[in-house]
There are 2 protein chains.
Amino acid sequence: MLELAILGFLRSRPLHGYDLRHRVAALMGHVRPVADGTLYPAIKRMVAAGWLLRNDEPGLSAAPRRVLHLTPEGRAELERRLREPDELDISDENRWFTMLAFLRHLDDPGEQAAVLRRRLTFLEEPTSFFYDDDRPMAAEDFDDPFRQGLLTIAHATSQAELAWLRDTIEHLESGERRTS
Amino acid sequence: MLELAILGFLRSRPLHGYDLRHRVAALMGHVRPVADGTLYPAIKRMVAAGWLLRNDEPGLSAAPRRVLHLTPEGRAELERRLREPDELDISDENRWFTMLAFLRHLDDPGEQAAVLRRRLTFLEEPTSFFYDDDRPMAAEDFDDPFRQGLLTIAHATSQAELAWLRDTIEHLESGERRTS
DNA sequence: ACGAGGTATATCGAGGCCGATGTATGTCGA
DNA sequence: TCGACATACATCGGCCTCGATATACCTCGT
């Protein structure tokens with residue numbers, strides 16, 4: 001997910017680690033600023049994987065900036081991750097929102113719509129409040145005002161997302177039809 | 001966060017690992033079912049910390065059930081975590097929602113309201129779309145329909161949560177005044 | 001002329017998480 | 001009665017993350 005964000009940011013322009021750090025932190029919405037000990041090893045991994053190239057750009061600042069470029073392989077990797085292999089369902093909110101933030105890089109509207117449709121299917125399947133054996137979750141959960149709040153908030157969120165998804169899918173697909 | 005959930009569930013009744021696994025998975029909302037390799041080491045840690053007691057309950061099922069009880073220390077630890085030391089702000093969604101799911105165990109309405117009020121303060125401070133140096137985030141972010149969607153959804157979510165928070169805080173505090 | 005604070009990268013160790021795998025036993029349908 | 005499946009616990013290696021720490025240079029205010 002950090003890797004996805006790095007690939008996504010570098011798709012637009014080359015950046016050095018420190019800049020990436022700010023952008024990633026802003027994207028993750030202050031939620032959890034990336035630690036240096038996480039970011040730099042990730043960069044190293046990705047350079048080793050052949051997705052990034054590191055060019056030194058001396059003199060412009062205090063320390064030498066290691067400017068990172070996306071390689072064609074990196075670009076392919078980004079697209080692969082945005083398309084998201086079907087087995088991994090889009091069930092992790094963080095992962096999903098990060099994907100959304102860079103979905104524009106998948107430039108075929110049909111493919112974009114396909115990703116949104118998968119998310120829509122996922123959101124539409126009712127959340128089970130039951131265990132596997134149809135035992136309902138403890139009744140106490142439902143006269144707890146805090147858990148009620150949890151449900152209220154979750155409901156509002158998914159309604160908002162569903163509305164947006166349906167709208168956007170329609171737009172993408174009508175545009176699609178017009179251009180084909 | 002896993003530990004918080006374990007403490008929370010055991011506060012109501014003793015449970016064995018397998019049952020905990022189901023409950024935690026249901027709580028995390030299918031988001032990411034806990035792996036055995038995560039749950040059982042966590043239990044072991046917590047037993048070692050003195051928060052849990054493990055009593056074997058033989059014969060009732062296939063494998064011997066290791067029934068887990070919350071110790072007084074565990075209970076204190078749960079309450080400490082629900083009160084959440086002020087330094088760590090409630091910025092991680094997962095953490096926050098898990099807290100909410102067990103906030104009833106902090107049985108003083110005043111303390112409950114205090115926790116909600118901290119969350120309210122956090123949500124009310126406007127999210128910065130700027131870097132530290134007041135450079136705005138790339139303009140391209142704003143004519144990207146997917147990032148727009150991100151903002152739309154986030155806005156709807158926080159509105160719903162804000163409304164619920166204000167409502168609930170008021171209830172808790174008026175109840176508080178009545179009983180004092 | 002000096003120190004505080006920002007820029008920029010890097011490494012290390014401790015510990016946590018995931019995925020795979022193993023080991024039993026009970027239950028239920030064909 | 002045989003196999004499939006659920007119950008129930010456990011361990012292991014590898015990878016990742018976090019937090020701390022280090023280095024070194026620049027800028028700006030005093």
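Every residue two or more places apart in sequence or in another chain that forms a ring-ring contact (aromatic ring centres under 6.0 Å, His included) with Tyr18(A) is listed here: His22(A). Under the rule for a salt bridge (charged side-chain N to carboxylate O under 4.0 Å, His left out), Arg75(B) has no partner lying at least two apart in sequence or in another chain. Contacts of Thr157(A) classified as side-chain hydrogen bond (donor to acceptor under 3.5 Å, both in side chains), with partners at least two apart in sequence or in another chain: Thr157(B).
Between Leu103(B) and Leu106(B) the shortest side-chain heavy-atom distance falls below 4.5 Å.
Going from atom CG of Leu39(A) over to atom C1' of dA8(C) covers 11 Å, rounded to whole Å. Atom CG of Leu68(B) and atom P of dA8(D) are 13 Å apart (whole Å). A straight line from CE of Met1(A) to C1' of dC16(D) spans 13 Å, rounded to a whole angstrom. Atom P of nucleotide dA8(C) and atom CD1 of Ile43(A) are separated by 13 Å, given to the nearest angstrom. Rounded to an integer number of Å, the gap from Arg23(A) CZ to dA8(C) C1' is 16 Å. Following rounding to the nearest Å, Met46(A) (CE) and dC16(D) (C1') show an atom-to-atom distance of 14 Å.
Residue pairs satisfying the side chain to side chain donor-acceptor pair (under 3.5 Å) criterion with at least one member in residues 34-43 of chain A, sequence neighbours excluded, are listed as follows: Arg21(A)-Asp36(A).
Direction change of the helix axis from one end of the helix from dA1(C)-dT30(D) to dA30(C)-dT1(D) to the other is 30°, with five pairs defining each end axis (rounded to 10°).
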Which protein N or O atoms sit under 3.5 Å from an N or O of nucleotides 9-12 of chain C?
unit_1: dT9(C); atom_1: OP1; unit_2: Arg66(A); atom_2: N; d: 2.8
unit_1: dT9(C); atom_1: OP2; unit_2: Gly17(A); atom_2: N; d: 3.2
unit_1: dT9(C); atom_1: OP2; unit_2: Tyr18(A); atom_2: N; d: 2.5
unit_1: dT9(C); atom_1: OP2; unit_2: Tyr40(A); atom_2: OH; d: 3.3
unit_1: dT9(C); atom_1: O3'; unit_2: Arg66(A); atom_2: NE; d: 3.4
unit_1: dT9(C); atom_1: O4; unit_2: Asp36(A); atom_2: OD2; d: 3.4
unit_1: dA10(C); atom_1: OP1; unit_2: Arg54(A); atom_2: NH1; d: 2.8
unit_1: dA10(C); atom_1: OP1; unit_2: Arg66(A); atom_2: NE; d: 3.2
unit_1: dA10(C); atom_1: N6; unit_2: Asp36(A); atom_2: OD2; d: 3.4
unit_1: dT11(C); atom_1: OP1; unit_2: Lys44(A); atom_2: NZ; d: 3.3
unit_1: dT11(C); atom_1: OP2; unit_2: Lys44(A); atom_2: NZ; d: 2.7

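Ion pairing of Glu111(A) with Arg118(A) is absent here, as no side-chain N (NZ or NE/NH1/NH2) approaches a carboxylate O to less than 4.0 Å. Salt-bridge formation is not detected for the pair Asp56(A)/Arg65(A): no Lys NZ or Arg NE/NH1/NH2 atom is positioned less than 4.0 Å from an Asp or Glu carboxylate oxygen.
Stacking of Arg117(A) on the aromatic ring of Phe122(A) is not recorded, the 6.0 Å distance cut-off and the 45° axial limit not both being met.
Taking 4.0 angstrom as the limit, Arg45(B) places none of its side-chain polar atoms (N or O) nearer than this to OP1 or OP2 of dA14(C).
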